[in-house]
Amino acid sequence: MLAGALLCAPLAAAASESIRLDRLPADISPSDPVSLQRGAQVFVNYCMGCHGAAYMRYNRLQDLGLTEQEIIDSLIFTGAKVGELMKIAMDPKDSKEWFGTPPPDLTVIARSRSSSAGSGADWLYSYLRGFYRDPARPSGWNNTVFPNVSMPHVLWQLQGEQVLRTETQSIPRGSKGEVEKHEVQKLVLEKPGAMKPADYDRMVGDLVNFLVYLGEPSRQSRVELGIYVLLFLGVLFVLAYLLKKEYWKDVH
C-alpha cells in the first residue's frame with residue numbers, strides 16, 4: 001500500500017498543477033473566531049448531511065468562543081451529546097449506492113488537498129465556487145476543479161446556477177500586429193441565487209476557514225507558543241554569547 005501511494009503521488013501532483021486555483025481572501029484568518037463560528041454553522045447545516053468530521057468532538061468548538069449551551073442549541077441537530085464526535089448517521093453502503101462512492105470524512109480534507117498548485121484552503125475555496133450545470137452528469141452538476149465529481153452542488157440555492165462557456169480571446173503576438181486566438185472556458189452565473197456573489201464567496205471563505213481549523217485545531221496556540229519559544233531562544237543566545245566572552249577573555 002505504501003509503494004502504491006508513493007507511485008500515485010507524482011500523478012496527483014501533476015494533475016493538481018494543471019488546475020488554476022483561486023486564493024482564499026487574505027482577510028479570512030484562522031485567528032478570527034467570528035469567521036470560524038459562521039463556518040461551523042454552514043458546515044453543520046449544509047455538509048453534515050453526508051460528510052462527517054469523525055475526529056473532532058463538538059465540545060472542542062468551545063475553542064472558537066462558543067459556550068457548551070450555544071453548541072447544543074445551534075450546532076447539534078441530532079441526539080448527539082456535546083462530548084461526542086461529529087459523526088453522521090448515513091450508512092457507507094447506502095451512500096456508495098447513491099453517489100457511487102462514500103462521501104469522505106472532512107476532518108483533514110484541507111490538509112490532504114494541499115499541493116504545489118496551492119494550499120488545501122485554496123483548493124476547497126475554488127472547488128466550492130466551481131460548480132456548474134451539466135445535464136450529462138447524473139446529478140446534473142459538474143465542477144471545474146474536480147471534473148465529473150459525484151457530489152451534487154448542495155449550495156446551489158445560495159449561489160445560483162453557473163454554466164461553463166467557451167470564449168475566444170485574441171492575444172497580440174510579435175511586432176507586426178499578428179494575433180493569436182485562444183479558446184478559454186469561463187464560468188458564468190446564469191441564474192442568480194439567494195445570495196449575492198460577494199456574499200456567497202464570503203460564506204464559502206468562512207466554511208473553508210472552519211475546514212482548515214478542523215485539520216489542526218491547535219494551530220493558533222502552536223503558532224503563539226512558537227513565537228514565545230523563538231523569543232526565549234533569542235534571549236538564551238545573548239546570554240550564551242556573553243558567557244562565552246567571559247570564559248574566553250583570559251585566553252590568549
> Do the side chains of Val163 and Tyr132 get nearer than 4.5 Å, heavy atoms only?
Replying inline: no
> With respect to Phe131, which candidate in Leu164, Leu155, Val154, Val149 satisfies the side chain to side chain contact (heavy atoms under 4.5 Å, CB included) definition?
Replying inline: Val149
> Is there a side-chain contact between Arg60 and Tyr213 (heavy atoms, below 4.5 Å)?
Replying inline: yes
> With a 4.5 Å limit on heavy-atom distance, are the side chains of Met195 and Arg202 in contact?
Replying inline: no
> Is atom CZ of Phe99 surrounded by more than 12 heavy atoms (other residues, nucleotides or ligands) closer than 6.0 Å?
Replying inline: yes
>> For the CZ atom of Arg137 and the CG atom of Asp134, what is their distance to the nearest 0.5 Å?
In response: 7.0 Å
> Hey, does Lys249 have a side-chain heavy atom less than 4.5 Å from the side chain of Lys244?
Replying inline: no
> Glu224 versus Ile227: any side-chain heavy-atom pair under 4.5 Å?
Replying inline: no
>> What's the separation between atom CG in Asn45 and atom OG in Ser74, rounded to the nearest 0.5 Å?
In response: 9.5 Å
> Given Tyr200 and Lys196, is the side-chain contact (heavy atoms from CB on, under 4.5 Å) satisfied, shown in steps?
Replying inline: CA-CA 6 Å; Tyr200 177 79; Lys196 296 180 179 179; over 6 Å; no
> Is it the case that more than 12 heavy atoms not belonging to Phe232 sit under 6.0 Å from its CZ atom?
Replying inline: no
> Do Tyr125 and Asp201 have side chains that get closer than 4.5 Å, going by heavy atoms?
Replying inline: yes
> Side-chain contact, heavy-atom cut-off 4.5 Å: Met56 with Pro217?
Replying inline: yes
>> Has Asn209 got a side-chain atom pairing as donor or acceptor with Ser29's backbone, closer than 3.5 angstrom?
In response: yes
> Do Tyr46 and Phe77 belong together in a cluster built from hydrophobic side chains that touch within less than 4.5 Å?
Replying inline: yes
> Is a salt bridge present between Lys87 and Glu84, judged by a nitrogen-to-oxygen distance below 4.0 Å?
Replying inline: no
> Which pair of non-hydrogen atoms, one from Val82 and one from Tyr58, has the smallest distance, and what is that distance?
Replying inline: O-CB, 3.2 Å
> What distance separates Arg111 CZ from Leu211 CG, expressed to the nearest 0.5 Å?
Replying inline: 13.5 Å
>> When you measure from the side chain of Ser126 to the backbone of Asp22, do you find a donor-acceptor pair of N or O atoms at a distance under 3.5 Å?
In response: yes
>> Main chain of Ala54, side chain of Asp105: is a donor-acceptor contact present, judged purely on distance under 3.5 Å?
In response: yes
> Can a donor-acceptor pair be found between the side chains of His153 and Glu161 at a distance below 3.5 Å?
Replying inline: no
>> Does Phe210 form a side-chain contact (heavy atoms from CB on, under 4.5 Å) with Leu61? I'd like the steps, not just the answer.
In response: CA-CA 10 Å; Phe210 178 71; Leu61 302 182; 3.7 Å; yes
> Quick one: CG on Asn59 to CE on Met86, what's the gap to the nearest 0.5 Å?
Replying inline: 10.5 Å
>> With a 4.5 Å cut-off on side-chain heavy-atom distances among I, L, V, M, F, W and Y, is there a chain of contacts connecting Ile72 to Leu66?
In response: yes
> Can you get from Trp98 to Trp156 by hopping between Ile, Leu, Val, Met, Phe, Trp and Tyr side chains that sit under 4.5 Å apart?
Replying inline: yes
> Are Leu36 and Val42 connected in the hydrophobic side-chain network, where two residues link if heavy atoms are under 4.5 Å apart?
Replying inline: yes
>> A quick test of your reading: do over 12 heavy atoms of other residues, nucleotides or ligands sit less than 6.0 Å from CZ of Arg219?
In response: no
> Salt bridge or not for Glu190 and Arg133, using N-O below 4.0 Å?
Replying inline: no
>> Looking at Tyr127, I'd like to know if the NZ or CZ of Arg129 sits under 6.0 Å from its six-membered ring centre while staying within 45 degrees of the ring's axis.
In response: no
> In the single-linkage hydrophobic clustering (I, L, V, M, F, W, Y; side-chain heavy atoms under 4.5 Å), do Ile71 and Ile88 co-cluster?
Replying inline: yes
> Can you name the nearest heavy-atom pair linking Ala121 to Leu24, along with the distance?
Replying inline: CB-CD2, 4.0 Å
> Any side-chain heavy atom of Gln162 within less than 4.5 Å of one from Val188?
Replying inline: no
> Shortest non-hydrogen contact from Asn142 to Asn148?
Replying inline: OD1-N, 2.7 Å
>> Determine whether a donor-acceptor pair (N or O, by modelled atom type, separation under 3.5 Å) exists between the side chain of Glu70 and the backbone of Thr67.
In response: yes
> If you look at every heavy atom in Pro103 and His51, which pair is closest and at what distance?
Replying inline: CB-CE1, 3.4 Å
> How far does CD of Gln159 sit from CE of Met203, to the nearest 0.5 angstrom?
Replying inline: 8.5 Å
>> Looking at every non-hydrogen atom in both residues, tell me the closest pair between Ser95 and Met90 and how far apart they are.
In response: CB-SD, 3.2 Å
> Which pair of non-hydrogen atoms, one from Thr101 and one from Ser150, has the smallest distance, and what is that distance?
Replying inline: CG2-OG, 4.4 Å
>> Side chains of Asp73 and Gln69: any donor to acceptor distance under 3.5 Å?
In response: yes
> To the nearest 0.5 Å, what is the distance between OG (Ser115) and CH2 (Trp123)?
Replying inline: 10.0 Å
> Any side-chain donor-acceptor pair under 3.5 Å between Ser119 and Asp122?
Replying inline: yes
